[in-house]
Novice: 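Pasting a structure below so you can have a look.
Just the heavy atoms: all of them, side chains too, but no hydrogens, waters or symmetry mates, feed the values below. Quick note: residue numbers are just sequence positions, from 1.
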Amino acid sequence: MTFDASETTFQNSDTDPHANDAAPYGGGDPYADYRKAGDLPFTELVDLADRRLGAGVIAANDEFFAERENLLIRERAVFDPEHFGHKGKIMDGWETRRRRGADAETPFPAPEDHDWAIVRLGAPGVIRGIVLDTAHFRGNYPQRVSVQATSVEGAPSPEQLLADDVKWEEILPPTPVRGHAANAFEITGGRRYTHIRLCQHPDGGIARLRVHGEVVPDPAWLAALGTVDLISVLNGGTYEDASDRFYSSPTQIILPGTSRKMDDGWENRRRRVRDTNDWVRFRLPAQGAVRAIEIDTACLKGNSAGWIALQGRNGDTGEWFEIIPRTRLQPDTLHRFVLRAQAVVTHVRLDAFPDGGVARMRLHGSLTESGAAELTRRYEESGA
C-alpha cells in the first residue's frame, strides 16, 4: 500500500491533529491551494464506482450535513463560501455531524467510533487503487479513513450486507488523510469485490470517491447473454494505451450507454504532422469472436474523426490484421458494421485519421471456447 496525497511531506496526525489541515479559504480560486495526487498508474484504470456503470452509495449511518450520493459525482466538487442551509454550511460531498463522547467526563468519541457508507460497485472487480478526495474540507475532514470490501452476488440490501454472516475484508487500514487534497492509496491483492464500506474515523467529510481497478465479469452471465459487447467496461474490456489523451480518457469509448456531451468520449488535440494519425488500443476480457461493430460519434460535430480503421490481433504477440478498412465517419452519428467473417481477437486498435474524437465503440460477439475457459479461471482465482 502506498500513500500519495500531495507534494508536501505527510505529517503524523497523532502528534499534531491539525498538521494536515489546509489553510482557511482566503477567497479567489477555491482550488488554488488544492493538493493533487501524484501521477499514479492505477488512476488510468476504470473507476469501478462510476455511476455510469451502475454504482451507488446505498447506505450510510449519518449524512447530516451533506448527502452520501455526492461521493460519486463525476465533476469536481464545487465550493460556495456563502451557501448555508438550515443545518449549517452546505458542502459538496458526504459530511457527517460531529461525534461526541458518552458524557461530560468523556467528551471525545471512543477510539473505535466511526461513520460509514456502503458503496455498490458498478462493475465487480479487483481493486488496484482508491482516491479519497477531501476537496474544500479544510478543517472538517476525517482524521483517518479505512476501507473494507466484500463480495456478495445479486442485489443485496443494506441490511443483508450488514448481517453477521457477511465477511468484510479490510483493504485499507485506518490511515491519516489530508484536508483539501486528493488522498490516493494503492491497494494490493487480487480478490474480486462487489461492495466497499468507506469509514471515517471518527467523523468528518469527504468530497469524492474513486475506486480504480480491473473488471472481472461473471463468465456464466456472459454465456447466458450469448452475443455481448466484448469491449465494454462492464464486461471486462480494458483500455491499454493511446497516442493522445489530451481532452479526455480513451476509457470512455467503452463505457455503456450513449455519450451525453462532447467530453463524454475520447477526443485528442489537433494533429499537425502529416502522414501520422491518432490511435487507441484495447484488450478484451479474453479471446472473443467479433461479428458486428458499432462506432458512435455522438455529440462530436465539428471535431469527430474524419476516418477510422480497426485492426485486431490474437494474443499479446500476434500479428495485427485488418477488421475495418479506412472508412469515412459522419459527425454525431452511429455507424454499424456487420463483418463478413468473424474476427477472433484478444486486442483491437482503433485508428483515427488524421485526428478527432470517437464517443463509443462496441464489439458485438461472444467468447471463444478457450476465451471462456481463461475468463473462468481468472474469475475463480479472484475468489468469486
Side-chain angles (χ1 to χ4, degrees), residues 44 46 52 227-285 287-315 318-366:
E44 288 292 329
V46 64
R52 293 172 293 181
T227 298
V228 298
D229 180 3
L230 290 167
I231 203 63
S232 170
V233 163
L234 284 173
N235 296 331
T238 305
Y239 147 69
E240 286 193 327
D241 199 5
S243 60
D244 191 290
R245 298 178 289 272
F246 189 81
Y247 288 112
S248 53
S249 170
T251 294
Q252 298 192 137
I253 298 178
I254 57 176
L255 289 176
T258 301
S259 177
R260 298 169 298 168
K261 52 183 180 174
M262 192 177 73
D263 66 347
D264 191 15
W266 172 53
E267 184 190 357
N268 43 61
R269 76 192 93 189
R270 302 189 187 209
R271 183 167 285 269
R272 304 303 191 188
V273 180
R274 291 185 177 274
D275 300 321
T276 64
N277 68 277
D278 285 305
W279 54 268
V280 56
R281 188 177 73 245
F282 297 97
R283 183 180 75 246
L284 279 64
Q287 186 189 70
V290 181
R291 293 189 279 276
I293 297 166
E294 290 181 298
I295 305 290
D296 193 356
T297 56
C299 302
L300 296 162
K301 298 181 178 180
N303 53 351
S304 65
W307 294 260
I308 59 92
L310 186 69
Q311 302 177 67
R313 75 180 182 193
N314 187 15
E319 294 291 328
W320 290 99
F321 61 91
E322 182 180 87
I323 299 176
I324 298 176
R326 192 176 302 193
T327 302
R328 178 72 168 153
L329 291 188
Q330 297 301 317
D332 197 25
T333 300
L334 175 63
H335 308 74
R336 287 175 170 161
F337 306 89
V338 177
L339 304 185
R340 293 182 178 180
Q342 66 182 19
V344 176
V345 295
T346 57
H347 300 73
V348 293
R349 169 176 159 151
L350 178 67
D351 287 276
F353 300 93
D355 56 24
V358 173
R360 294 290 188 270
M361 177 173 70
R362 299 180 179 89
L363 306 183
H364 299 288
S366 58

Novice: I need the minimum non-hydrogen distance between Thr297 and His335, along with the two atoms involved.
Specialist: OG1-CE1, 3.9 Å
Novice: Salt bridge (Lys or Arg N to Asp or Glu O under 4.0 Å) between Arg245 and Asp241: does it pass, once the steps are laid out?
Specialist: CA-CA 9 Å; Arg245 298 178 289 272; Asp241 199 5; 3.7 Å; yes
Novice: Of the non-hydrogen atoms in Asp244 and Trp266, which two are nearest, and what is the gap between them?
Specialist: O-NE1, 2.8 Å
Novice: Please check: side-chain N/O of Asn235 versus main-chain N/O of Asp229, any donor-acceptor pairing under 3.5 Å?
Specialist: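 Such a contact is found between Asn235 side chain and Asp229 backbone.
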Novice: Looking at every heavy atom in both His347 and Gly315, which two are closest together, and how far apart are they?
Specialist: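 That closest heavy-atom pairing would be ND1-O, 4.0 Å.
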Novice: Find the distance between CH2 (Trp307) and CZ (Arg326) and round it off to the nearest 0.5 Å.
Specialist: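 Trp307 CH2 to Arg326 CZ: 8.5 Å, rounded to 0.5 Å.
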Novice: Taking the side chain as everything from C-beta on, heavy atoms only, tell me whether Tyr239 gets closer than 4.5 Å to Gln252.
Specialist: no
Novice: Between NE2 of His364 and OG1 of Thr227, what distance do you get to the nearest 0.5 Å?
Specialist: 9.0 Å
Novice: When you compare the side chain of Asp355 with that of Arg269, does any pair of heavy atoms fall below 4.5 Å?
Specialist: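 Heavy-atom side-chain distance check fails, nothing below 4.5 Å.
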Novice: Would you call Phe337 and Leu310 a side-chain contact if the rule is heavy atoms closer than 4.5 Å?
Specialist: no
Novice: Under 4.5 Å between any side-chain heavy atoms of Trp320 and Arg281, yes or no?
Specialist: yes
Novice: Rounded to the nearest 0.5 Å, how far apart are CZ of Arg313 and OG1 of Thr346?
Specialist: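 Going from CZ on Arg313 over to OG1 on Thr346, the span is 6.5 Å.
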Novice: Please report the C-alpha distance between Ile295 and Leu350 in whole Å, then the side-chain angles of each, then the deciding distance to 0.1 Å, and finally whether the side-chain contact (heavy atoms from CB on, under 4.5 Å) criterion is met.
Specialist: CA-CA 10 Å; Ile295 305 290; Leu350 178 67; 4.2 Å; yes
Novice: On a heavy-atom basis, which atom in Ile231 and which in Met361 lie closest, and how many Å separate them?
Specialist: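 Here Ile231 and Met361 meet closest at CG2-O, 3.5 Å.
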Novice: Taking the side chain as C-beta and beyond, is there a heavy-atom pair between Val290 and Ile323 under 4.5 Å?
Specialist: no
Novice: Do Met262 and Asn303 have side chains that get closer than 4.5 Å, going by heavy atoms?
Specialist: yes
Novice: Can you see which heavy atom on Arg291 is nearest to which on Gly365, and at what distance?
Specialist: NH2-C, 3.9 Å
Novice: Measure the CD-CD distance between Glu240 and Glu44 for me, rounded to the nearest 0.5 Å.
Specialist: 12.5 Å
Novice: Heavy atoms, side chains only, cut-off 4.5 Å: are Leu339 and Ile293 in contact?
Specialist: yes
Novice: Please step through side chain to side chain donor-acceptor pair (under 3.5 Å) for the pair Asn277 and Asp351, ending with a clear verdict.
Specialist: CA-CA 7 Å; Asn277 68 277; Asp351 287 276; 2.9 Å; yes
Novice: Does the side chain of Arg360 come within less than 4.5 Å of Ser259's, by heavy atoms?
Specialist: yes
Novice: Kindly compute the distance separating CZ (Arg283) from CG (Leu230), expressed to the nearest 0.5 Å.
Specialist: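 Those atoms lie 14.0 Å apart.
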Novice: Drop me the distance from Glu267's CD to Cys299's SG, to the nearest 0.5 angstrom.
Specialist: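 So the CD of Glu267 and the SG of Cys299 are separated by 11.5 Å.
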Novice: For a quick test of reading the model, state the closest non-hydrogen atom pair linking Ser248 to Asp263 and the distance between them.
Specialist: CB-O, 4.0 Å
Novice: For Arg270, I'd like to know if atom CZ has over 12 heavy atoms of other residues, nucleotides or ligands within 6.0 Å.
Specialist: no
